[in-house]
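Computation of the quantities below employed the complete heavy-atom set of this structure, encompassing side-chain atoms and omitting hydrogens, waters and symmetry-equivalent molecules. The sequence lines fix the lettering, A, B, ..., with proteins before strands; numbering per chain opens at 1.
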2 protein chains.
Amino acid sequence: MTALENNSPYIAQPKILVATDCIVFGFDEGILKLLVFRRRIDPLKGEWSLIGSFVNEEESVPDAARRVLLQFTGLENIFLEELRVYSDVERDSGARCISIAQYALIRINDYDREQVELHGAKWFALEDIPQLVLDHNVMIADALDRLRQKTTHKPIGFELLPEKFTIPQLQSLYEAIHQTKLDDRNFRKKLLSFDLLIKLDEKDKSTSKKGAFLYRFDYGKYKKLEESGINFVL
Amino acid sequence: MTALENNSPYIAQPKILVATDCIVFGFDEGILKLLVFRRRIDPLKGEWSLIGSFVNEEESVPDAARRVLLQFTGLENIFLEELRVYSDVERDSGARCISIAQYALIRINDYDREQVELHGAKWFALEDIPQLVLDHNVMIADALDRLRQKTTHKPIGFELLPEKFTIPQLQSLYEAIHQTKLDDRNFRKKLLSFDLLIKLDEKDKSTSKKGAFLYRFDYGKYKKLEESGINFVL
DNA sequence: ACAAAAGTGTTCTATGTACACCCATGG
DNA sequence: CCATGGGTGTACATAGAACACTTTTGT
């Protein structure tokens with residue numbers, strides 16, 4: 001995209017710094033985690049911060065976020081959704097800057113450990129999140145609310161698990177997100193009633209001697225159901 | 001807020017035009033309406049458009065929206081919530097410009113008719129919305145989805161009605177929003193079960209000889225219930 | 001043989017849904 | 001006195017919640 005032409009009718013309008021900050025969720029060994037890093041610019045250089053970037057002239061906001069996520073994790077095609085805009089005039093002591101927060105769900109085993117370390121990033125369990133710069137802790141709280149809201153109405157939890165997962169794994173994810181203990185029988189019954197999971201022949205024996213069957217989420221089937229107005233509630 | 005200082009670490013960063021567009025809902029005589037106006041700047045001057053403005057350096061995004069709403073309707077303290085960011089690089093042919101869309105719910109009898117006319121604004125029934133500039137028709141579709149979603153989970157419908165309203169009025173609002181016919185008995189039963197409406201001694205006789213009792217929404221009670229985690233579903 | 005997690009069914013309760021009649025009043 | 005919209009109650013169906021035992025297998 002070009003800069004403003006001299007004859008643009010918008011020429012007199014105030015331009016503003018626009019950033020995007022990513023709340024990156026991961027799920028590891030029953031614990032919900034977030035990716036944060038040491039900020040590399042002043043002010044507040046060296047403090048913990050969400051990963052983010054300024055939005056460039058020639059990219060959309062989601063594109064900017066995807067660029068950041070690729071840089072920090074080496075991952076593409078990950079679940080990403082807008083959270084909300086943070087635009088208080090005083091929110092950033094460096095300059096007037098609007099941030100569009102977005103949350104991402106990643107399969108925590110897939111990320112590129114080198115990339116993460118290279119950028120000074122680190123995974124924290126939800127309860128161990130340190131004090132972050134600016135309004136980033138608020139963003140996290142808001143993202144968590146949204147994640148809780150969203151996972152009960154849309155089947156996005158799968159984005160945090162490997163492609164092949166077991167039902168107890170999925171349950172433990174929901175328990176971690178919602179900080180509750182769920183009834184195994186009811187959880188399984190409800191979940192399978194949607195008929196959106198494909199049972200595989202393999203078992204995961206890493207957590208028990210008996211082993212738990214692995215499943216895959218049927219994205220194709222879900223897409224169709226969604227179009228015809230499914231009401232998924234967990 | 002000051003402009004960037006020369007020594008600001010952000011000085012080299014790209015600044016962008018940021019606008020906000022408001023999807024303004026009103027409810028009149030059983031019909032859901034939207035406020036649009038004739039755009040007054042090139043390009044596309046004279047075309048129908050959502051009301052909106054560029055965001056200034058010294059105001060937050062909601063502040064900008066409130067400024068616009070006050071200008072166009074003479075109203076303050078109206079329900080306003082962020083919809084989402086529209087940031088496609090090519091979305092505005094005038095210049096690269098990000099828009100943060102917000103939807104507002106107004107009591108349609110309260111607005112200042114002079115202000116509205118003065119600004120070339122006009123109410124359209126939902127089904128009569130003309131072609132609007134840029135991506136504004138998409139914004140409306142998204143806002144409508146959100147309104148449908150939101151009204152089933154939060155008691156915000158009241159924002160579209162006078163402070164004193166009847167239950168049949170409220171029902172007709174829900175029917176207009178969701179484009180369905182609801183059962184009167186079940187609607188009333190469910191609604192009153194929340195115990196959030198205060199029945200007044202007055203009746204509204206404008207729509208029937210018998211007259212329907214007027215109610216007020218108990219905002220105070222709702223606030224308390226919300227904090228303790230109510231689940232309002234209509 | 002036993003510990004440890006996976007897997008399975010039934011009963012009870014609550015909530016939603018369908019449905020039809022009387023009420024009050026102004027004209 | 002009647003037409004019009006306001007207001008009420010009950011029976012049925014469906015979905016959610018509570019709850020305990022058997023299965024598998026590695027050690």
With nearest nucleotides of DNA chain D determined for A:Ser208 and A:Asn186 from heavy-atom distances, which residue corresponds to the more 5′ nucleotide? A:Asn186

Quick one: on DNA chain D, does A:Lys203 or B:Ile167 contact a more 5' nucleotide (nearest heavy atom)? B:Ile167

Measure the distance from [atom1] on [X] to [atom2] on [N] and round it to the nearest whole Å.
{"X": "B:Leu234", "N": "C:dG16", "atom1": "CG", "atom2": "C1'", "answer": "13 Å"}
{"X": "A:Leu200", "N": "C:dA6", "atom1": "CG", "atom2": "C1'", "answer": "16 Å"}
{"X": "B:Lys205", "N": "D:dG5", "atom1": "NZ", "atom2": "C1'", "answer": "12 Å"}
{"X": "A:Lys189", "N": "C:dT8", "atom1": "NZ", "atom2": "P", "answer": "12 Å"}
{"X": "B:Lys190", "N": "D:dG7", "atom1": "NZ", "atom2": "C1'", "answer": "20 Å"}
{"X": "B:Asn231", "N": "C:dA14", "atom1": "CG", "atom2": "P", "answer": "15 Å"}
{"X": "B:Leu197", "N": "D:dG7", "atom1": "CG", "atom2": "P", "answer": "12 Å"}
{"X": "A:Asp183", "N": "C:dA6", "atom1": "CG", "atom2": "P", "answer": "14 Å"}

Would you say a side-chain N or O of B:Arg188 is under 4.0 Å from OP1 or OP2 of D:dG7? yes

Can you check whether B:Lys209 has a side-chain N or O nearer than 4.0 Å to OP1 or OP2 of C:dG27? no

For the residue pair A:Tyr219 and A:Phe217, does the interplanar ring angle fall in the parallel (under 30°), tilted (30 to 60°) or perpendicular (over 60°) class? perpendicular

Any side-chain heavy-atom pair from A:Thr166 and A:Phe213 closer than 4.5 angstrom? no

Should A:Val55 and A:Ile100 count as side-chain neighbours, where that means a heavy-atom distance under 4.5 Å? no

So, for A:Phe27 and A:Phe25, is the gap between ring centers shorter than 6.0 Å? no

Of the listed nucleotides D:dG9, C:dT8, C:dA6, the one nearest the side chain of B:Arg185: D:dG9

Can a donor-acceptor pair under 3.5 Å be found between the side-chain atoms of A:Lys210 and the base atoms of D:dT22? no

So which of A:Trp123, A:Trp48, A:Phe72 actually passes ring pair (Phe, Tyr, Trp, His ring centres under 6.0 Å) with A:Phe37? A:Phe72

